[in-house]
Amino acid sequence: MHKIFANTLFIGKQVISLPSCHSTNDLMAQLSAKKQLHEGAIIITEHQTKGKGQRGNQWNSPPGENLTFSVFLKPNFLLASQQFELNRIVSLSVLDVIKEFESSVKAYVKWPNDLIVNKKKIGGILIENSIHKGNIAESIIGIGFNVNQDSDLLVTATSLKNVFDKKFELEKVLLSVVEKIEHYYLIARSRDFKLLHQLYEEKLYLKDKVAFYEDSTGKFNGIIRKVSPEGVIEIEDEAENFRKYQFKEVKLLS
Ligand code: BTN
């Protein structure tokens with residue numbers, strides 16, 4: 001990856017680009033502890049040897065084919081209870097980039113932040129925050145975005161190459177994502193959370209549609225009705241009860 005020139009105020013002005021590392025999120029945490037990062041710094045690598053996913057899973061991506069990177073933010077204008085705004089910002093950014101290539105494509109965010117095209121996952125987000133005196137002092141935003149991968153994709157996964165049947169320049173896709181993140185981040189910083197919430201709900205996968213879910217009490221049919229400002233999802237079940245879940249408490253089965 002060459003030097004990138006993002007059309008931004010602060011995101012992407014410091015870029016650390018490596019052929020390989022364990023995990024861009026972990027490296028970012030180490031460099032942040034040594035006070036070596038400015039807000040907006042990016043760490044990007046062609047190959048993660050210990051890429052981390054949600055729920056303690058691994059994130060595997062063939063070298064040089066996809067985007068695996070992290071962005072360093074200091075969103076101290078957000079309370080700890082507002083952490084989910086960051087998920088919204090990043091999800092909307094990646095979805096906008098996909099839509100820019102072809103506006104008719106149906107791209108969604110599957111709560112909390114899996115990015116979905118044609119019912120398959122095209123990207124994932126792992127956000128790791130540190131809290132100081134009730135506010136978010138630092139946020140490491142890890143993004144795995146399947147761009148040019150064409151083979152060895154899980155049956156549940158896809159890539160831009162798969163969807164649009166052409167290859168993309170990783171650098172250009174990265175620049176677009178970074179510019180969108182700054183755009184939505186500035187909306188959050190101006191405290192227009194209402195707009196972020198509305199945009200996120202418009203892109204919410206299976207909102208107002210019947211689907212099959214599983215929680216700690218068993219399986220049930222339900223309909224996603226909303227996501228609260230704090231990121232709690234509300235699913236209406238067949239008895240018209242509104243079941244509320246935090247991360248990891250409910251799973252979509254179909
Ligand atoms: C998910 O499970 O959906 C989240 C995947 C997040 C993967 C990215 S790749 C860059 C960054 N570094 C990591 O180790 N993980 C995130």
Side-chain angles (χ1 to χ4, degrees), residues 1 4 11-12 14-33 37 40-73 83-84 86-95 97-98 107-117 119-130 138-149 152-160 170-171 173-178 180-181 200 203-205 231 233 246-252:
M1 182 86 42
I4 70 163
I11 301 188
Q14 181 187 9
V15 179
I16 299 171
S17 175
L18 301 163
S20 157
C21 72
H22 284 356
S23 149
T24 55
N25 269 32
D26 286 355
L27 180 60
M28 191 162 263
Q30 286 162 18
L31 296 187
S32 145
L37 299 177
I42 292 176
I43 300 182
I44 178 154
T45 188
E46 284 172 28
H47 182 213
Q48 290 189 124
T49 51
K50 279 191 189 160
K52 301 190 298 183
Q54 295 277 353
R55 304 165 190 247
N57 290 328
Q58 294 178 350
W59 184 263
N60 296 315
S61 176
E65 295 191 5
N66 299 322
L67 283 174
T68 47
F69 67 102
S70 304
V71 181
F72 183 67
L73 294 174
Q83 298 190 34
F84 198 71
L86 295 166
N87 298 64
R88 288 188 173 96
I89 289 166
V90 185
S91 305
L92 288 171
S93 302
V94 179
L95 292 181
V97 171
I98 298 168
Y108 297 98
V109 52
K110 182 169 145 196
W111 178 88
N113 50 21
D114 282 354
L115 304 160
I116 303 287
V117 177
K119 300 187 178 173
K120 294 186 175 192
K121 181 161 167 172
I122 199 164
I125 300 164
L126 179 65
I127 300 179
E128 299 181 280
N129 294 323
S130 53
E138 294 180 345
S139 181
I140 293 172
I141 295 186
I143 302 175
F145 187 7
N146 296 341
V147 179
N148 289 323
Q149 186 174 355
D152 295 331
L153 281 161
L154 297 173
V155 284
T156 51
T158 190
S159 66
L160 288 181
L170 287 178
E171 209 165 299
V173 180
L174 172 71
L175 285 182
S176 291
V177 176
V178 161
K180 305 287 182 208
I181 292 177
Y200 181 86
K203 300 280 161 66
L204 192 56
Y205 188 55
I233 195 161
Q246 308 273 0
F247 284 11
K248 303 178 191 172
E249 290 177 348
V250 66
K251 200 162 115 190
L252 172 68

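First listed ligand is number 1; within each ligand, the first listed atom is number 1. This structure is a prediction, so every number in the text was calculated from the model and none was measured.
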> Would you check if the side chain of Thr45 reaches a backbone N or O of Ser20 as a donor-acceptor pair within less than 3.5 Å?
yes
> With sequence neighbours left out, write down each residue that passes side chain to side chain contact (heavy atoms under 4.5 Å, CB included) with Asp26, or none if nothing qualifies.
Ser23, Lys52
> The criterion is side chain to side chain contact (heavy atoms under 4.5 Å, CB included); which residues satisfy it with Ala33, sequence neighbours excluded?
none
> Going by distance alone, is a donor N or O of one side chain under 3.5 Å from an acceptor N or O of the other, for Asn113 and Gln54?
yes
> What is the ring orientation for Tyr200 with Phe84, classed by angle as parallel under 30°, tilted 30 to 60°, or perpendicular over 60°?
perpendicular
> What pairs with Thr158 under side-chain hydrogen bond (donor to acceptor under 3.5 Å, both in side chains), at least two apart in sequence or on another chain?
none
> Can you tell me which residues line ligand 1 if we count any heavy atom under 4.0 angstrom from one of its atoms, in chain and number order?
Ser23, Thr24, Asn25, Gln48, Gly51, Lys52, Gly53, Gln54, Trp59, Thr68, Phe69, Ser70, Asp114, Lys121, Gly124, Ile125, Leu126, Gly142, Ile143, Gly144
